[in-house]
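Reading through the structure tokens given below for one structure.
These numbers come from the heavy atoms of this one structure, side chains and all, not from hydrogens, waters or symmetry mates.
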2 protein chains.
Amino acid sequence: MLPYEHFGYIGPMTDSPNDVTPDRLCKADALPPSDQHAQQYAAVRNAHETELLEDYVELIADLLEHQGEARSTDIAARMGVSQATVSKTVTRLKSLGLVSSKPYRSLFLTEKGEAMAAMSHQRHAIVLQFLRALGVSDRTARIDAEGMEHHVSQETLEIMQRYTREQGHRDV
Amino acid sequence: MLPYEHFGYIGPMTDSPNDVTPDRLCKADALPPSDQHAQQYAAVRNAHETELLEDYVELIADLLEHQGEARSTDIAARMGVSQATVSKTVTRLKSLGLVSSKPYRSLFLTEKGEAMAAMSHQRHAIVLQFLRALGVSDRTARIDAEGMEHHVSQETLEIMQRYTREQGHRDV
DNA sequence: CCTACAAGTTAACCTTGGCTAAAATAGTGT
DNA sequence: ACACTATTTTAGCCAAGGTTAACTTGTAGG
């Protein structure tokens, strides 16, 4: 079950003699001050709260664009989750003012929801393209992007975007 | 509250004419087949399950190494969480055979726990160093790494590691 | 028209990860 | 040895994100 059990993992890194920036490495090894450390974890917890919501609005926007409507069956199928779960989450999305719909009918995004979807989509695209520009395979890039997108800061996003652009100029 | 509300976000990306690999972009815009899509989300949900556990064992290992012992107070302070929460999570870690301790005593890692910690630590280090090599500031890199580490596949990790190494040779 | 099936909702339950407040234990100082 | 303080645990609460099973509603077909 626990995925770390089958691991012949990564190999170098401890024993590679030409390791990276040795003094930085030392710093990385020291524990940061408690309060700063706590803020890091808080940031992650924070991201977790909106993650699912973002995934939903993003998916709803995609479905609306590509299929004309967003039914909960499709969402359930695409998320790999039961319809009951979708129903419950959608209720929450509605109460947050991100989604609107009449009962038993297709879903729509409010303005707020569209803003969130747009932002989410953009972030997703940047991360995905960046990974591909790095040389990651399509399939893996998709999976990783899905997980990473919610944890990439503005600053890093901009850097990724720049990298992708440069890379694009170089080898396309 | 919802963090996407204050956004003058990223700027280019839609309107940049020198965009990346146009045919790939098109593909990215189409929806993947449902079942594959579902697998992506499943992978993320899966990662979520072990995330917190990994953070705990990683932190415990760090504390053991740098302070000689791992008390729940320290964990609580570093995680930015109440001691009661730590206590409950530790119970779970014990039941999973990752951590051992006698009641009211300091914590230790089992072999399984150490394996997990080692793997987690390695992954964390790779991601952190990669971000810094990319040019992300230290503070941001730490935060992003904390969130990203659990969502980066083996394949991507190796690529990141390679990139960091090359980058290190070039500009150190 | 009305019936059958697909789609959506509701109810009841579970686990995780938070919290506070209160009780139990360990360690320390006099 | 005893009492005080700091640490740990327990109990009881909450919300989120899942599940199944049962119930409603919409929509086609005959």
Side-chain angles (χ1 to χ4, degrees), chain A residues 1-2 34 38-57 59-60 63 67-96 98-108 146-147 150, chain B residues 1-2 34 38-39 41-60 63 67-96 98-108 146-147 150:
Chain A
M1 184 214 189
L2 292 175
S34 289
Q39 277 180 285
Q40 291 172 217
Y41 286 113
V44 176
R45 276 197 302 273
N46 210 45
H48 275 173
E49 275 176 31
T50 41
E51 245 176 81
L52 193 73
L53 286 336
E54 287 181 5
D55 284 343
Y56 268 81
V57 272
L59 179 53
I60 290 171
L63 287 171
Q67 337 235 73
E69 60 176 3
R71 319 309 290 310
S72 13
T73 323
D74 295 348
I75 298 176
R78 288 214 123 76
M79 293 275 218
V81 119
S82 77
Q83 282 182 225
T85 299
V86 173
S87 192
K88 215 172 25 164
T89 307
V90 166
T91 302
R92 208 175 138 228
L93 290 170
K94 285 205 247 180
S95 82
L96 289 171
L98 295 164
V99 160
S100 71
S101 83
K102 289 169 190 162
Y104 296 95
R105 279 300 160 36
S106 178
L107 306 173
F108 297 96
E146 191 64 63
H150 308 283
Chain B
M1 185 220 188
L2 292 176
S34 288
Q39 276 180 283
Y41 287 114
V44 176
R45 275 198 303 274
N46 211 46
H48 275 172
E49 275 176 31
T50 41
E51 246 176 79
L52 193 73
L53 285 337
E54 288 180 5
D55 284 343
Y56 267 81
V57 277
E58 199 180 337
L59 180 54
I60 291 171
L63 288 171
Q67 337 234 74
E69 60 176 3
R71 320 308 285 324
S72 15
T73 322
D74 295 347
I75 298 176
R78 287 214 124 75
M79 292 276 217
V81 121
S82 78
Q83 286 181 227
T85 299
V86 172
S87 191
K88 211 166 38 158
T89 307
V90 165
T91 303
R92 208 174 138 228
L93 289 170
K94 285 205 247 180
S95 82
L96 289 170
L98 294 164
V99 160
S100 72
S101 83
K102 289 170 190 159
Y104 296 95
R105 277 309 165 27
S106 178
L107 306 172
F108 297 96
E146 192 63 63
H150 308 283

Take A/Arg105 and A/Leu52, find for each the nucleotide of DNA chain D with the closest heavy atom, and name the residue whose nucleotide sits nearer the 5' end. A/Leu52

Given DNA chain D, 5'-ward residue of the pair A/Lys88 and B/Lys102, judged by closest heavy atom: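 First, find each residue's nearest nucleotide; the 5'-ward one identifies B/Lys102.
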
Assign [X] to base, sugar-phosphate, or nothing according to its heavy-atom contacts below 4.0 angstrom with the strands shown.
X       : answer
B/Thr85 : base
B/Val81 : sugar-phosphate
B/Ser87 : base
A/Ser82 : base
A/Thr73 : sugar-phosphate

Among C/dG8, C/dG18, D/dT8, which nucleotide has an atom closest to any side-chain atom of B/Arg71?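 Closest nucleotide to the B/Arg71 side chain: D/dT8.
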
Kindly point out which of D/dT20, D/dG26, D/dT9 is positioned nearest to the side chain of B/Tyr104?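 In terms of side-chain proximity for B/Tyr104, the closest of D/dT20, D/dG26, D/dT9 is D/dT9.
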
What is the distance from [atom1] of [X] to [atom2] of [N], rounded to the nearest Å?
X       : N      : atom1 : atom2 : value
B/Asp74 : D/dT7  : CG    : P     : 9 Å
B/Gln83 : C/dA23 : CD    : P     : 17 Å
A/Leu53 : D/dG17 : CG    : C1'   : 11 Å
A/Ile75 : C/dT9  : CD1   : C1'   : 14 Å
B/Tyr41 : D/dG18 : OH    : P     : 11 Å
A/Arg45 : C/dG17 : CZ    : P     : 12 Å
B/Leu93 : C/dT16 : CG    : P     : 11 Å
B/Glu51 : C/dT15 : CD    : P     : 21 Å

Exam field: side chain [X] to backbone [Y], donor-acceptor pair closer than 3.5 Å:
X        : Y        : value
A/Ser101 : A/Ser106 : no
B/Ser87  : B/Ala84  : no
A/Arg78  : A/Leu63  : no

Does OP1 or OP2 of C/dG8 have a side-chain N or O of A/Ser72 closer than 4.0 Å?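 Looking at the OP1 and OP2 atoms of C/dG8, one of them is under 4.0 Å from a side-chain N or O of A/Ser72.
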
Look up atom CG in A/Leu107 and atom NZ in A/Lys94, then write down how far apart they are to the nearest 0.5 Å. 7.5 Å

A/Gln40 and B/Glu146: which non-hydrogen atoms are nearest, and at how many Å?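 The pair with the smallest heavy-atom distance is NE2-OE1, 3.6 Å.
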
Start at the 5' end of DNA chain C and walk down; is the nucleotide closest to B/Ala84 or to B/His48 reached first?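 Closest to the 5' end, via its nearest nucleotide, is B/His48.
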
